[in-house]
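The first residue in the sequence is number 1, and the count goes up from there. Only heavy atoms go into these numbers, but all of them, side chains included; no hydrogens, no water, no symmetry mates.
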Amino acid sequence: MKSKAITGSASLIICVFSAAAAAEESHWYTTASVGAGNLQSTTLVYSDGAQQFSADADFTTSFVGGGTLGYQFDNGWSIEGDIQYRRNELDPVDIGPLGSFSEGDFASLSFGASLLYRFGLGQNEKLTGYIGPGIVWIQEIDIDFDSDGQQEISFESDDTAFELRLGGRYELSDRLFIDTSVEYLLAGEVTLELPSDNSQTVSADYDHWSLNIGLGWRF
């Protein structure tokens with residue numbers, strides 16, 4: 001079901017991109033951003049191939065960083081590709097036979113494509129807002145379980161997800177601008193495997209909020 005929805009979203013982005021390509025004026029732009037990300041608490045489900053064990057997991061607000069390359073049309077629409085790294089520290093957790101861990105992290109590296117609609121905010125022409133959905137390929141997502149600063153065990157995989165972005169841009173000059181955004185990544189349940197033994201897995205929900213600020217350049 002998720003793959004069909006993503007295919008439909010991709011088709012919509014392509015159609016709008018094709019229709020907007022007839023616009024007389026357009027602008028390429030790029031941004032680099034950093035921010036803080038919050039990963040919602042979840043239940044970790046560990047399976048050794050025969051039995052399952054679960055534990056509640058909490059995370060601290062941690063680092064997010066990335067960049068975008070976009071193309072803005074004169075009809076209010078823009079299409080963006082982005083790369084994003086997210087990392088959230090894991091609070092102490094006990095997962096039965098897998099072990100008891102004092103720390104760890106849940107991290108991902110993703111590539112996305114978003115279709116954004118831009119609109120004016122108030123009377124200031126330098127200030128604009130935007131909103132839009134996107135599709136994301138999480139190239140690598142992994143959860144590390146550590147004790148006393150040493151990595152004990154790690155599970156990893158890749159997956160697909162949706163994202164929703166809401167933000168604003170302030171033009172500092174004809175080319176330079178500041179960009180701020182709130183982003184919600186919805187991957188749902190992901191299943192991560194132990195690289196040395198794929199019968200051992202950890203499943204968890206990966207729903208992530210982030211607040212970002214960046215500097216952009218139009219060229």
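Closest of all the heavy-atom pairs between Val93 and Leu90 is CG1-CD2, 3.9 Å. When all heavy atoms of Ser210 and Val64 are compared, the closest pair comes out as CB-CG2, 4.0 Å. For the residue pair Asp207 and Ala187, the shortest heavy atom distance occurs at OD1-N, 3.7 Å. The heavy-atom pair separating Ser102 from Pro92 by the smallest distance is O-CG, 3.3 Å.
With sequence neighbours left out, Tyr206 forms a ring-ring contact (aromatic ring centres under 6.0 Å, His included) with Phe106. Leu172 is linked by a side chain to side chain contact (heavy atoms under 4.5 Å, CB included) to Tyr170, Leu176, Ile178, Leu215, counting only residues two or more places apart in sequence or in another chain. With sequence neighbours left out, the side chain to side chain donor-acceptor pair (under 3.5 Å) criterion links Arg87 to Glu89, Asp105. Residues satisfying the side chain to side chain donor-acceptor pair (under 3.5 Å) criterion with Ser199, sequence neighbours excluded, are Asp197. Partners of Arg218 by salt bridge (charged side-chain N to carboxylate O under 4.0 Å, His left out), not counting sequence neighbours, listed by chain and number: Glu171. The side chain to side chain donor-acceptor pair (under 3.5 Å) search around Glu80 returns Tyr29, Arg118, Arg165, not counting sequence neighbours. Scanning for ring-ring contact (aromatic ring centres under 6.0 Å, His included) contacts around Tyr117 gives Trp77, with sequence neighbours left out. The side chain to side chain donor-acceptor pair (under 3.5 Å) test applied to Ser203 returns Thr191, not counting sequence neighbours. Under the ring-ring contact (aromatic ring centres under 6.0 Å, His included) criterion, Trp209 pairs with Tyr184, not counting sequence neighbours.
Put simply, NZ on Lys126 and CG on Leu121 are 15.0 Å apart, with the number rounded to the nearest 0.5 Å. One finds the OG atom of Ser181 at 9.5 Å from the CD1 atom of Ile213 (value rounded to the nearest 0.5 Å). Rounding to the nearest 0.5 Å gives a distance of 8.5 Å between CZ of Phe155 and CG of Leu192. One finds the CG atom of Leu115 at 7.5 Å from the OG atom of Ser78 (value rounded to the nearest 0.5 Å). With values rounded to the nearest 0.5 angstrom, Arg175 atom CZ is found 6.0 Å from Trp217 atom CH2.
In the hydrophobic cluster analysis, where Ile, Leu, Val, Met, Phe, Trp and Tyr join through side-chain heavy atoms closer than 4.5 angstrom, Tyr85 is grouped together with Phe111. Phe177 and Phe119 are assigned to two separate hydrophobic clusters, defined by single-linkage of ILVMFWY side chains at heavy-atom distances under 4.5 Å.
Here the side chains of Pro133 and Glu163 are not in contact, with every heavy-atom distance at 4.5 Å or above. At least one side-chain heavy atom of Thr30 sits less than 4.5 Å from a side-chain heavy atom of Phe219.
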Atom pairs and distances, donor-acceptor, side-chain atoms in residues 135-154, under 3.5 Å, two or more places apart:
from, atom 1, to, atom 2, distance (Å)
Asp144, OD1, Ser154, OG, 2.5

Going by atom type alone, with no hydrogens or angles, which donor-acceptor pairs under 3.5 Å involve a side-chain atom of residues 35-56 and a protein atom two or more places apart or on another chain?
from, atom 1, to, atom 2, distance (Å)
Ser41, OG, Asp58, OD1, 2.5
Thr42, OG1, Asp205, N, 3.1
Thr43, OG1, Asp56, OD1, 3.4
Tyr46, OH, Gln200, OE1, 2.7
Ser47, OG, Gly49, N, 3.3
Asp48, OD1, Ala50, N, 2.9
Asp48, OD1, Gln51, N, 2.7

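Through side-chain heavy atoms spaced under 4.5 Å, either directly or across other Ile, Leu, Val, Met, Phe, Trp or Tyr residues, Leu116 is tied to Tyr130.
Looking only at distances, no side-chain donor or acceptor of Asp74 sits under 3.5 Å from a matching main-chain atom of Gly76.
At a cut-off of 3.5 Å, with distance as the only test, a side-chain donor of Gln84 or Glu183 sits close to an acceptor on the other residue. Looking only at atom types and distance, the side chain of Ser110 has a donor-acceptor partner in the side chain of Arg86 under 3.5 Å away.
Applying the side chain to side chain donor-acceptor pair (under 3.5 Å) test between Thr31 and each of Asp179, Thr68, Asn212, Asp82 identifies Thr68 as the sole match.
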